[in-house]
Each structure stands twice: as C-alpha cells, then as structure tokens.
Novice: 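Pasting a structure here, questions to come.
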Number of protein chains: 2
Amino acid sequence: MLYLGDVARQPYGTKSPRTVTRYAVQAAEFLVEKGIKALVVACNTASAVALDAIAERFPHLPVLGVVEAGADGAAKASADGRIVVAATEGTCRSQAYERAIARRREGARVRCVPCPLFVALAEEGLTDGPIVDSVARHYLGSLFDGSEAGDCLVLGCTHFPLLAPALARLAGPDVTLVDCAEATASMLVRRLAGREAPPGGGGLQLISTDAPERFARMVGKLFPALGPAPEVELADL
Amino acid sequence: MLYLGDVARQPYGTKSPRTVTRYAVQAAEFLVEKGIKALVVACNTASAVALDAIAERFPHLPVLGVVEAGADGAAKASADGRIVVAATEGTCRSQAYERAIARRREGARVRCVPCPLFVALAEEGLTDGPIVDSVARHYLGSLFDGSEAGDCLVLGCTHFPLLAPALARLAGPDVTLVDCAEATASMLVRRLAGREAPPGGGGLQLISTDAPERFARMVGKLFPALGPAPEVELADL
C-alpha cells in the first residue's frame, strides 16, 4: 500500500475545482508511475470534484472515491432520510453528496454544511473541549432540533472523524454518525477480489509532499501499531 | 504595483522552511519576470524563512520583509520590552522575530506564540465574537496578566490585523498593538526614494494563483475603493 499525503498543498477544501483537479491528477500520475493497481482518492474534496478527471486520465485503473462510500453509509444509516453532511466548502459547492445520496435513496433531504474551521482544529490536534464545542454549535447547532432535525451526520471530510466525540455530543444520541473510511475499505476489497497479491506480499510505504518528520509523528500518533515515527519519504509534486 | 496572492498553496504558516522557500522563490521569479524594481515579501512566514534565499537569487533587487518592519515597530512601541508576537508555527519556529528585535533593543523579552487557528478564522471572515474570543484566550490568555505581562502585541501574520479588535480587548488598554503593514510601506518609500516612476504612472495589477473571482470579492471587501470586484488575473505557479 502506498499512501501519499499532499501535505505541502493542503487543505484542498478551500481551493477551486480547477486547482483541486490539477493537484489530484498530479498526485494520481505520481502514484501510477509507482505501479499501483487501484487508486483510492482518500479526500472528500478531491473525490467530489476530481474523480471524473482522474478516471478519464487513467481509464484502465480502478479509481474509488470516499464520497460514494459516505453516501452509501448515509443512505443505509438514516432512519427518515434527513441527512446532514459536514464537509469542506469545495465538497458542499460541488453538491456531490446530494447527487450520490439521491441515486441511493429517493426523497432524502440532504443538507451539506461547510465547516472549514474543523480542518484547522483537527490539524492542530484541538479535537475536543469548549472551543470545539462552540465551533460545532456555530456550524451545526440548529440542525439537530425540531421536526426537521437530522437523523444522520456524515463526517464528509477525512479530518472530521477526529472530532467525532464532540460532534456526537452535539447531534445527540438518536443521530447516527457516518465515517467514510470503513465503507471505502470494504468497497476496495470487493473491487480487488480475485486480483493477484503483489510479489513479496503487502507492506506500507508512506510518502509526503512536505515535512516528512512532522508527518511521521502525526501518523505515529494516529496509528500506534506503526511505531512512534514510521519511515516517510519526501516527494516534490 | 503588482500584487501576487499565492491563494492556491496558502497557508504558508504550517509548511516546512524548505517548502515555503521553494514557493516564495517561485513567486519572486514570476514577479521578477514581470519587470518589478523592488519586492515586498508581504507574508510573515515567508519573510521569516525565505528572505535570504530570495535576496541571494536576486542580488540586485531590493527585497523587503515584514518581520523587520514589525520588529522595528515593536522595539519602538514597547514600554518595558515585554513583547508578545502572535504568529504562525513557521514564523515562531524560525525565531526571526526574536533575532530582529534583539538587534534593535537589548534586553527585550520576546514571546512568540503560534496561533494557527487565527488564520482559519480570518480566512472564513469570522473575525469577532465569542468563538474568536475563546480562541484568543486559548493562545494568549495568560500572557497579559501579572508582573511579566506583555506590554506590546505584534500581529505577526498578515491575517491577524483582521482580528485586531478582539485581540486588543483581550490584551487590555495598556498594550500597544503593532501592525507590520504601515512600517513596511514607509520602509519601501525610503528604499525607492529618488527612483524613477514607471512610464505612464502607477497602477495596481492583482494576480492570484487560484479562484480569481473569490479573491476579487475578498479584495473588494477589504479595499472598497477598488470597487466590489476588481479585475484579478489567474497565474499557475
């Protein structure tokens, strides 16, 4: 498994579709040159706006985005079809979640809310406490009250699961939180079923476009099984 | 006057010195090709880490940074030399303010505090109110109390003057706020004294590396004299 983090040019969520597409296609080209046999676009904004451009550029490569997986999860988890998506500006503007959920569940009411500060909070490691609570109320406070209250909250940006405890508290016990990661992993397993394993077995190679030591420390914290500072390669995109 | 905003790759404040230098030198090259006769690095992080690299690459071009100007302002404004600098992670890590202030004022006590969320708040237009107050308290709450209380607060990132009212309230009436912009402009006027004006007189050309319409709206809000949506050119760096 190759993991490429475009740390130098993140966040993608505030950029135009044109620039996100340009960066995402560059990243895909870099990985295709390394010989990958499938690509997961593990960023909601890039999945929302650049998936078609990547698929067009590499017509023979299986390309999976996280938006389809999140939409799948929401369509299944929502009791009454009142779905709130917390996402970036770019993802909301694209209306990718609205379209993907409508294909799976007729009559669903989808409200996509741009929550750009959540990205900065997660990046800084400020994932719970009074500041997170007040920012969460600022964006989502009115959406889980009354007869139109959401019954499902999609964490529509890869950063947001880090804030899940605070968001669950705000949404209340009757609201299901949907994380795109597990659904995406299952989808990938199905797509790769029957394909040959790489010679020499699996493995993980981490690549970052900036500050590999800082990236290694963050990965070490999120995935303790990899050790405190796993090896990270630097790539200039 | 040419103004280049590297909107596509901002923020610079969380990136490594290597990447900030690479991007800043690219931006300088782009502007030098346009025939500029002086360069203001109007970003604290790039001023803190990339000024020498730019000056080395263009030895005959006058290159001014905002850190020197901010340090100048602080050294003059501070009553007792207890200076607090609110800045990005990159600017604080570089210790550029500590060095620049020490050259101007012996015995000054400089505390540089990384305030990354201020950038996200300013970018989102959330410049005052309870969320800004609580984030400001989170970063700076303890620095303006007691015998070691700061007597001067440097707004050490070009975004931070947008939060000035909230920061002034937190710091209290006895603390002087230092904005680098005016000091930088005066410095530039002195450096260019006696130089010829461009043929045809002055003018302003705005260039952005992403989303020129969004950039134009933001400029129009900050500088109403330019009209609601001034013309902005797109450049791919």
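Residue numbers start from 1 in every chain, and the chains themselves are labelled A, B, ... in the order their sequence lines are given, proteins ahead of strands.
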Novice: Sort B/Tyr23 into side chain, backbone, both or neither according to what part of it lies under 4.5 angstrom from a heavy atom of chain A.
Specialist: side chain
Novice: With a 4.5 angstrom heavy-atom cut-off, could you sort out which part of B/Glu89 is near chain A: side chain, backbone, both or neither?
Specialist: side chain
Novice: So if I apply the side chain to side chain contact (heavy atoms under 4.5 Å, CB included) rule between A/Thr19 and each of B/Asp236, B/Val7, B/Asp210, B/Thr209, which one comes out positive?
Specialist: B/Asp210
Novice: Decide if atom CD of A/Glu29 counts as having more than 12 heavy atoms of other residues, nucleotides or ligands within a radius under 6.0 Å.
Specialist: yes
Novice: Report yes if the side chains of A/Ser134 and B/Pro130 come closer than 4.5 Å at any heavy-atom pair, otherwise no.
Specialist: no
Novice: Among A/Ala8, A/Ala211, A/Ala120, who wins on heavy-atom pairs under 4.5 Å with chain B?
Specialist: A/Ala8
Novice: Are more than 12 heavy atoms, taken from residues, nucleotides or ligands other than A/Phe30, located less than 6.0 Å from that residue's CZ atom?
Specialist: yes
Novice: Need one label for B/Leu121: side chain, backbone, both or neither, based on atoms under 4.5 Å from any heavy atom in chain A.
Specialist: both
Novice: Are the side chains of A/Arg18 and B/Leu234 in contact, using a 4.5 Å heavy-atom criterion?
Specialist: yes
Novice: Calculate, to the nearest 0.5 Å, the distance between atoms NE2 and CD belonging to A/His138 and B/Glu124 respectively.
Specialist: 5.5 Å
Novice: Between A/Ser16 and B/Pro212, is there a side-chain heavy-atom distance shorter than 4.5 Å?
Specialist: no
Novice: If you count heavy atoms of other groups shown closer than 6.0 angstrom to CD of A/Gln26, is the number above 12?
Specialist: yes
Novice: So, using salt bridge (charged side-chain N to carboxylate O under 4.0 Å, His left out) as the criterion, who are the partners of B/Glu123 when residues are at least two apart?
Specialist: none
Novice: Only pairs of heavy atoms separated by less than 4.5 Å count here; which of B/Arg9, B/Gln10, B/Lys15, B/Glu213 has the most with chain A?
Specialist: B/Lys15
Novice: Is the count of non-hydrogen atoms from other residues, nucleotides or ligands lying under 6.0 Å from A/Phe144 atom CZ greater than 12?
Specialist: yes
Novice: Under 4.5 Å from any heavy atom of chain B, what part of A/Arg137 do you find: side chain, backbone, both or neither?
Specialist: neither
Novice: Tell me whether the count of non-hydrogen atoms from other residues, nucleotides or ligands lying under 6.0 Å of CD in A/Gln205 goes above 12.
Specialist: yes
